[in-house]
Amino acid sequence: MAILTAEKLSKQYDGSVPTWALKDATFQVEKGEFLGIMGPSGSGKTTLLNLLAGIDQPTSGTVCVEGVNLINLSDDRLALFRRRSLGFVFQDFNLLNALTIRENIVIPVALDRVPVAKIEERLDTVSHQLGIESILDKRPFEVSGGEQQRSAIARAIIHRPAMVFADEPTGNLDSKSAHDVMRAFSDLNQSGETGIVMVTHDPFAASFCRRILLIRDGRVHSQLHRAESDSRGSFFQEIIGSLRLHGGGLSDVIPTLSR
Ligand code: ADP
């Protein structure tokens, strides 16, 4: 069952020379699917993610999440929908250093006036899921990058969103931490019904996905599927081969090829 549907999604930026950053993107994300978006710099990945997440408005086309058309919502309703139904993970973690990891994680549910007992219960569940129980009373600057990103994932899922959007979540991590973070994403995906859409340059991170959309010049150029029987290693090789063939910005990812 589709949890997100994008129909003929297009975005034109005004300027001295108006550019189509995205043209006619049509695809679905199934319940519990882990979808990657790859492509060279400037190909439209961030534009697409921002449209899917309701951060920006398309020039034409629609985005529906759980049957709700984001394009028709008023600003207030969209803000509420994003807070309740979507989760976000960023390259630079976006945790507040003045707060403990525990406080950072519970902010979204505390803002929504969820009862304290329920907050505690959900905190226990997500911190166990992400293996961060022992760092809850520390502050972000006292823990590793990988632990910060796993804490950010906990914050993104504590309110049980329908969709999580991640923008280069391994961009600031060493290879061991990147592995831990991607394992956390794929465990979350296999254990729940949350859909995940992740933009990445990194073929290693992308190899954890089930499907990858390759974007080129603002268009969905092709897709890669990982079959149930495919190992992550062989999907990684397929991704590298495809980026080589179609020019997916492989020069951006050369440092990661040794992982
Ligand atoms: P990517 O994330 O793949 O690097 P982007 O979505 O950031 O690509 O950009 C796609 C195209 O849209 C590029 O040509 C970029 O210069 C242009 N673009 C992105 N944001 C803006 C903006 N706010 N105003 C004008 N042009 C933009």
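Numbering of ligands and ligand atoms starts at 1, following listing order.
- The single protein non-hydrogen atom nearest to atom 27 (C) of ligand 1 is Tyr13 CD1, 3.2 Å, given as residue, atom name and distance.
- Between the side chain of Lys11 and the main chain of Gln57, a donor-acceptor pair closer than 3.5 Å is present.
- Taking every heavy atom of Ser41 and a limit of under 4.0 angstrom, the matching atoms of ligand 1 come to 4 (O).
- An N or O contact shorter than 3.5 Å links Gly42 to ligand 1 by distance.
- At the shortest separation from atom 8 (O) of ligand 1 among protein heavy atoms lies Gly44 N, 3.1 Å.
- Taking each heavy atom of Cys209 and Arg226 in turn, the nearest pair found is O-CD, 3.8 Å.
- Distances below 4.0 Å separate heavy atoms of Pro40 from the following atoms of ligand 1: 3 (O).
- The environment of CG in Asp92 is crowded: more than 12 heavy-atom neighbours from other residues, nucleotides or ligands sit within 6.0 Å.
- Enclosure of atom NE2 in His225 by more than 12 non-hydrogen atoms of other residues, nucleotides or ligands within 6.0 angstrom is indicated.
- Set against the non-hydrogen atoms of Ser43, the atoms of ligand 1 under 4.0 Å away are 1 (P), 3 (O), 8 (O).
- Protein heavy atoms come within 4.0 Å of atom 18 (N) of ligand 1.
- What sits closest to atom 9 (O) of ligand 1 on the protein, heavy atoms only, is Thr47 OG1, 4.0 Å.
- At least one N or O atom of Thr46, backbone or side chain, sits closer than 3.5 Å to an N or O atom of ligand 1.
- Note that Arg232 lies in the cation-pi zone of Phe208, set by a 6.0 Å cut-off to the ring centre and a 45° limit from the axis.
- Residue contact check for ligand 1: Gly15 places no non-hydrogen atom closer than 4.0 Å to it.
- Ranking protein heavy atoms by distance to atom 12 (O) of ligand 1, first place goes to Ala21 CB, 3.3 Å.
- For CG of Asp75, the number of neighbouring non-hydrogen atoms (other residues, nucleotides, ligands) closer than 6.0 Å is 12 at most.
- In terms of polar-atom proximity, Lys45 is counted as a contact of ligand 1, with an N or O under 3.5 Å from an N or O of the ligand.
- For the side chain to side chain contact (heavy atoms under 4.5 Å, CB included) test with Ile37, the passing option among Val220, Val197, Thr200, Asp167 is Val197; the others fail.
- The neighbour count for Lys23 NZ, taken as heavy atoms of other residues, nucleotides or ligands under 6.0 Å away, is above 12.
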